[in-house]
Amino acid sequence: MSNRSLPGLVSRDGETRVRVTKGLELTKRQSMLALVGLLVVFAIPDIATVTPSLQLTVVHQGLLFGLAAVGLNLLLRHTRLVSFGHAAFFGTGAYTAAVLAAKFDVASFSLLLIAAMVVATLVAAIVGYLSLRHTGLYFSLLTLAFGQLLYALVQGQSFFGSSDGLPVRPGAARQPLIFGLALDSEAYAVILYYLTVIILVVSLVVMWRLVNSPFGNALDAIGQDRTRAQFIGIPVQRYVWIAFVISGVYGGVAGALYAMVQQHVRPGPVLYFLRSGDILFMAILGGFQTLLGPLVGGVLLVFLQDVGRDVTAYFDALTGVALLIIVFGLPRGLVGSLRAGGLLAAATRDFRENPAVVGEWISAAVTGIVEATRNWLRDVQSILGVR
Amino acid sequence: MTGLETFVTHTLHGIQYGFVLFLIASGLTIVLGILDVLNLAHGELFALGAYVGFTIIGYLTGLVAPPTTLSTQLVFLGVVLLGAALTAAILVPVGVFLETTFFKPIYGRDEVYQIVLTFALLLIIKDVNKLIWGPSPLRLQDAYGGINSIPVLSRVGLTYPTYNVVIIVIGLVTVAGLFWFFNRTKTGRIIRATAINREMATAIGVNTGRTFTLVFALGAFFAGFAGALALPPRFASLDMGANPLVLSFVVIVIGGLGSLRGAFVAALLVGVLSRWAIWQYPPAELAAPFAIMAIVLLVRPEGLFGTWGEMG
């Protein structure tokens, strides 16, 4: 308890914990996991030079989409609003950086990033103002429609390069300058990666602070019951709107970094509504009831999509089946289910105790399919009026 | 072409487009209004309709004589429409299957799972289409040309495809049929009652589970019908479901959530206004419907006929 302002060790309930920031104290196990996780993330560029199957840009992209998913999760987890248009902010960030680089020859990394944050804030403020008038499914529907509006705008204007997109290669160096340094392309990729990791860690800590602040608690209250939250004096509309803007800014930052990593931005990969679906899926895949889940989901999905495209032409269907498994089998996501009491943890325990349990699972699956077919036939008969 | 003729042609194109939009959006809006599920896979059901229609209409038109004289032309038209109806009928068991297998277990769950589920179905159906019909776009060239060879509007000196006139007529009949169904038949009234108050409907003896299945099957029926009808003038392609899906959302928002009448007015509005926008300023093609939506949202957030769940 001695060290109040700096990260350090504290003792709680007779246990030593690592103090990261106010209120965020990790147990020994958690800090070990966090340390290992950080080390792996930091070692990725080195690992990538050894194995050809792991590419730095793929992990990098995964982290960025994961960051956008972390932003989306602020709405999803706390206010219970399902945004299906989050690619809009990712795309806004990416296109802000791209337009500044391609049309105005802005080369500074920090300037591009800050500009992307500002524009994403504005766009999120407007979209949020219009779509937050509704809740539930209609909110999802509106965010999707606004996302497609941005897609349509970019696609239709030659200023944005239409469907060919814009290059992000400003200045004499043909790439953004990090702290004014002109680096060769490999050094640029690696340094940008480490910068991303730093931004990511800062964003996660900020998000943690945010959701554990009175503001975050108010969002939870809104998510549980809007009317009640209104009655106990929470300015529901304004708080939800602020949360929406913050989550949009996360997307914008991720998008700007994405533009600088890829050095070319096209509307399809960053603005199309399937991308919004991907970002939402990342949050669900990793577990949207956790802080880190969306990030894990992001890296995993981008990696799997990269590998899967080489393996099969029907990769979308595989993603779909994976989604079905998550929805019906692991509703808490991977990170959520690995926790004690989760379905995945229980399944591994059962399997360890008695490997024959697999037989039971298979027979349960077969019974399920037979049952579903029988139900279907009965319902078709009932709809068609045949007895 | 005189200015007036251009205007009339564009307006007719807009009306035709509006009717196709309405066919798609009507299914989506009744599913949304009654099942409380935002079905992202609805656009893929439309695409599936187009693909099934490609096979069925292609097969059926191969059986009849080529449309050269008036009588063969009329037979040809009848066969194409029969094919579209059969396609829609095939989509009914597909809809029942999707509803009973995937949607039934999930009604009580958090809505994020419903959205993810329909997104999963979107991806799967898209790849099923790819598996069966292949990745390259398909076209029913003969059907469009064959029906257009029937002179209708050229008799009054207007160059306008006959097929589009057929779509407008079918659209009118379908709209009338839908309103009749929901206002005059027992089943339609049961569906409306379920939409307005699910618990009360159960209390007075409505089998809501069966009603839900029926509604979803109805949505699939109209999506498939729209897909088959929209096919002849265009290509059936894997990504054809996305745009109608999003435009249906726009139509639902403009018309008022859950209102069938609103969806009808909004579909025609979006169809005609976006057609005029393309005519006057082509780059606005994609953005025009969204601009209309934004204006309606600002002026009337509840939509033109916002009845919140009540049909009619």
Side-chain angles (χ1 to χ4, degrees), chain A residues 76 80-82 84 126 130-131 133-134 136-138 140-142 144-153 155-158 272-274 277-278 280-281 283-285 288 313-328 331 369 372-373 375-380 382-384, chain B residues 32 36-38 40 92-93 95-97 99-102 104-106 109-117 119-128 130-131 135 207 209-210 213-214 217 242-243 245-247 249-250 252-253 257 282-291 293-294 297-298 301:
Chain A
L76 185 60
R80 300 265 153 188
L81 288 168
V82 187
F84 209 92
I126 297 168
L130 286 172
S131 42
R133 295 175 173 202
H134 298 289
L137 292 174
Y138 303 122
S140 314
L141 187 154
L142 282 171
L144 198 158
F146 280 115
Q148 280 299 93
L149 165 63
L150 285 188
Y151 175 73
L153 277 178
Q155 187 83 283
Q157 298 294 327
S158 52
Y272 197 49
F273 82 104
L274 291 181
D278 281 346
L280 180 63
F281 174 33
I284 310 284
L285 175 70
F288 73 98
Y314 300 100
F315 186 68
D316 278 347
L318 272 186
T319 314
V321 172
L323 276 172
L324 288 183
I325 292 173
I326 296 281
V327 167
F328 288 108
I369 292 169
T373 319
N375 283 347
W376 171 57
L377 282 174
R378 195 199 57 215
D379 284 329
V380 170
S382 122
I383 293 299
L384 298 179
Chain B
L32 183 63
D36 231 356
V37 168
L38 184 63
L40 296 174
V92 167
V96 172
F97 169 72
E99 204 270 344
T100 51
T101 318
F102 299 112
K104 273 256 152 73
I106 211 160
R109 299 259 303 270
D110 210 327
E111 68 194 26
V112 63
Y113 295 113
Q114 299 176 357
I115 290 188
V116 170
L117 169 73
F119 183 60
L121 293 179
L122 180 157
L123 295 174
I124 293 174
I125 298 175
K126 192 200 271 276
D127 268 3
V128 167
K130 195 196 217 173
L131 181 72
N207 182 348
R210 192 171 166 251
T213 314
L214 177 72
N243 218 10
L245 174 76
V246 178
L247 284 181
F249 288 173
V250 170
I252 292 176
V253 172
L257 311 163
E285 176 187 356
L286 289 163
F290 300 105
M293 181 185 83
L297 269 182
L298 281 172

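Just so it is clear: chains get the letters A, B, ... in the order the sequence lines come, proteins before strands, and each one is counted from 1.
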Side-chain contact test, heavy atoms from C-beta onward, threshold under 4.5 Å: evaluate it for [X] versus [Y] and give yes or no.
X      : Y      : value
B/V112 : A/L280 : yes
B/F249 : B/L40  : yes
A/F84  : A/F273 : yes

As an exercise: rank [options] by heavy-atom pairs under 4.5 Å with chain A and give me the winner.
options                        : result
B/I252, B/V116, B/L245, B/L117 : B/V116
B/V96, B/T100, B/D36, B/V253   : B/V96
B/I115, B/I106, B/V250, B/T101 : B/I115
B/L121, B/V37, B/N243, B/L131  : B/L131

Below 4.5 Å from any heavy atom of chain B, which atoms of [X] appear? Answer side chain, backbone, both or neither.
X      : value
A/L141 : both
A/L274 : both
A/L149 : both
A/Y151 : neither

### Task
Taking B/R109 for its side chain and A/V327 for its backbone only, find out whether a donor-acceptor pair lies under 3.5 Å.
yes
### Task
Specify the closest pair of heavy atoms between A/F281 and A/A322, including all atoms of both residues, with the distance to one decimal.
CZ-CB, 4.5 Å
### Query
Which heavy-atom pair separates A/G320 from B/A120 by the least distance, and what is that distance?
O-CB, 3.4 Å
### Query
When you check the gap from the basic side-chain N to the acidic O, do B/D110 and A/R80 get nearer than 4.0 Å?
yes
### chain B interface, residue from A/T319, A/L81, A/V82 that has the most non-hydrogen pairs under 4.5 Å
A/V82
#### Entry: chain B interface, residue from A/L76, A/L130, A/L142 that has the most non-hydrogen pairs under 4.5 Å
A/L142
### Query
What pairs with B/T213 under side chain to side chain donor-acceptor pair (under 3.5 Å), at least two apart in sequence or on another chain?
B/E99, B/K104
### Query
If you measure from CG on A/D316 to CG on B/L122, what distance do you get to the nearest 0.5 Å?
8.5 Å
[X] versus chain A, heavy atoms under 4.5 Å apart: side chain, backbone, both or neither?
X      : result
B/I125 : neither
B/P135 : neither
B/K126 : side chain

